[in-house]
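Each residue takes its place number in the sequence, starting with 1. Atoms within a ligand are numbered from 1 in the order they appear, just like the ligands themselves.
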Amino acid sequence: MTHIFANWKMYLNFSESMILANQLATESYDTEKIHLGIFPSSLAFTEVEKLYRDTEVAVGAQNVAWTPKGAYTGAVSAHMFRNAGATYALVGHSERRHVFGETNEDVKKKFDACLDAGLIPILCIGETKEDLEAGKREYRLKKQLMSVLEGVSKDATFFVAYEPVWAIGTGEACDHLQAAEIHDSIKKELNTYTVQPIPVLYGGSVNHENVVFYLPHQSIDGFLIGSASADRDHLISLLNAVVAA
Ligand code: PEP
């Protein structure tokens, strides 16, 4: 089973989100092979969730606030998303870390809030180009894992997404052999924190052409996909490529 998680970011307005969600709802793909998750904007969330309720398609939040309720103008909490039908939530996405200045401490609070609310957090981790050039990739990934997972129950259910910052939205995907090796080391590191098998997704410029190179690797459980997931033709080609592989 390959997880294909579509992060629509802020690419689609409400009408565009509903057009794409409706188009996807009419497509058939092999649900034995693919587990599809859609992460629409907060604005489109409830309508997309309604459309996919009681189907194989999961719907998730792109971002959550950690306090369940209160005077937090503009925020939507993990608990509110859970109440509205979300299964998953992204936490620590590189755009949240680097554009909105979220720290590892913020990511931990969001991760813990998701578990508390009954959402499955997808913990996004990844090194920057500077980390890579300074030989600090392993250090960065371990630190991002440790700062969130220390103290978390060993049987907690969550995902990790390895998303090198330099590969997101750049067209410069991480080589599949390298990605597989990093996934192996992430999984080894995860053994310190959990007794559960934790799916590890790869993200960063995945498209319908390069996805097939990652598929044979056991340590790659699926993909978090940005721009290629916000376009019907690209996403359908990608699903078809995964089914055909
Ligand atoms: C992402 O936003 O998680 C992502 C991987 O984006 P893209 O596929 O556009 O690189």
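- Ranking the protein heavy atoms by distance from atom 3 (O) of ligand 1 puts Glu163 OE2, 2.6 Å first.
- Annotation: side chain of Leu149 is in contact with side chain of Leu190 (closest heavy-atom distance under 4.5 Å).
- Residues His217 and Tyr202 keep their aromatic ring centres 6.0 Å or farther apart.
- The protein non-hydrogen atom at the shortest distance from atom 1 (C) of ligand 1 is His93 NE2, 3.2 Å.
- For atom 6 (O) of ligand 1, the closest heavy atom belonging to the protein is Lys9 NZ, 3.3 Å.
- Between the side chains of Thr128 and Asp131, a donor-acceptor pair is found at a separation under 3.5 Å.
- Atoms of ligand 1 found under 4.0 Å from any heavy atom of Ser205 (numbered from 1 in listed order, with element): 7 (P), 8 (O), 10 (O).
- Side-chain polar atoms of His79 and Asp116 form a donor-acceptor pair below 3.5 angstrom.
- Annotation: atom 9 (O) of ligand 1 to nearest protein heavy atom, Ser227 N, 2.9 Å.
- With a heavy-atom cut-off of 4.0 Å, Ile168 touches ligand 1 through backbone and side chain alike.
- Between Arg137 and Glu127 a salt bridge is recorded (basic side-chain N to carboxylate O distance below 4.0 Å).
- Salt-bridge check for Glu49 with Arg53: passed, with a basic side-chain N closer than 4.0 Å to an acidic carboxylate O.
- Remark: ligand 1 atoms within the under-4.0 Å shell around heavy atoms of Leu224 are 3 (O), 5 (C).
- The distance from ligand 1 to the heavy atoms of Gly204 drops below 4.0 Å at these ligand atoms: 5 (C), 10 (O).
- Those atoms of ligand 1 with a heavy atom of Gly169 less than 4.0 angstrom away are 7 (P), 9 (O), 10 (O).
- For Ala228, the closest heavy-atom approach to ligand 1 does not fall below 4.0 Å.
- Between Tyr88 and Phe5, the ring-plane angle classifies as tilted under the 30° and 60° cut-offs.
- From the protein, the heavy atom lying nearest to atom 8 (O) of ligand 1 is Gly226 N, 2.8 Å.
- Annotation: side chain of Pro40 is in contact with side chain of Val59 (closest heavy-atom distance under 4.5 Å).
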